[in-house]
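What follows is one structure encoded as structure tokens, with my remarks underneath.
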Amino acid sequence: MPELPEVETIARKLKPELVNRTILSADLRWTRTLATPSPGKFKEQIQGQRIVDIGRRAKYLIFRLSSYSLLIHLRMSGDLYIKDGTLSAAKHDRLIINVSGGRSVAFNDTRKFGRVWLTSNPADILGKLGPEPLDNEFTSQWLYAALHKRHRQLKPLLLDQTFIAGLGNIYTDEALNIAKLHPQRDSSSVTAKQAEALRDAIQNVLQEGIRRNGATIDWVYRGGEFQNYFRVYDREGYPCQNCGAIIKRMVVGQRGTHYCPNCQR
DNA sequence: TAAAATGTTGGGTA
DNA sequence: ATACCCAACATTTT
């Protein structure tokens, strides 16, 4: 599920439920879900840690613990939910963290692409990320200059987490449609005015996603309703809301891409 | 059956 | 170094 609004939705939901609870134990049910450290060290180090805060950077969930940071990336199919600690593991639960108060947090991940890091230096993992699109530093001037430093197709560049952090396939398609920019447009050809429109579109669509509690697709991450408001994503054959032309689908940078061939230039 | 799915990374090529 | 393509990771759905 995981793009910025979905991860933000989860962080906001978990935070009031878990802050100040103590981690009692961890049940790692699929070894490769854990990126670092070793399973033995992980279980030893996480035990007894207090959850100080829960937040987000890009598509990473960040649990700030007493003396470590627990980072979780949901990748394609991950979800995190709280459950009664006495319940047995559900299908596809890869990691269960038992906390004080008789509850637990389950990392459920059908496709097993998700990853968990327990580290003293979160910057090792987060350091290469580009700016947060909802932060003040993400200005149209910065975007214009950054787009002109490269010669790349717009969509793959926006998906590059070292360029901007947090956009995924859905929100990128949506933002480009709102900004009326073609996904294959050369980044260095974007005008200052178009860069401003793109900045606004990115911020607005992410905020809309957060306001609607993210998008819920297929069996993954139930709870949001942004999927009912897609302008182009998964809307091949339907009319564009800007101009009425029929929305098309093509593959760009190995990703399914939905766009309006008339008004996105 | 083949294709596609909200993501990232490493390898190879030009 | 930059840009781009492919494969891999693993499972489910259409």
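Computed from a predicted model, the values in this text were never measured in an experiment. Convention: sequence-line order gives letters A, B, ...; per-chain numbering from 1.
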Less than 3.5 Å apart, any donor N or O on the side chain of [X] or [Y] sitting next to an acceptor on the other?
X: N213(A); Y: T9(A); value: no
X: N169(A); Y: K155(A); value: yes
X: T119(A); Y: N121(A); value: no
X: Q161(A); Y: Y60(A); value: no

Please determine if a side-chain N or O atom of [X] lies less than 4.0 Å away from the OP1 or OP2 oxygen of [N].
X: H151(A); N: dC4(C); answer: no
X: K128(A); N: dT9(B); answer: no
X: K59(A); N: dT8(B); answer: yes
X: R152(A); N: dC4(C); answer: yes
X: H73(A); N: dG7(B); answer: no
X: R111(A); N: dT12(C); answer: no

Salt bridge present between R212(A) and E208(A) (N-O < 4.0 angstrom): yes
Near-strand residues of residues 248-258 of chain A, defined as heavy-atom separation under 4.0 angstrom from DNA chain B: R249(A), R255(A), G256(A)
Touch class at under 4.0 angstrom, heavy-atom based, for Y233(A) against every strand present: sugar-phosphate
Secondary structure string for DNA chain B (Watson-Crick or G-U under 3.5 angstrom, | for other-strand pairs): .||||.||||||||
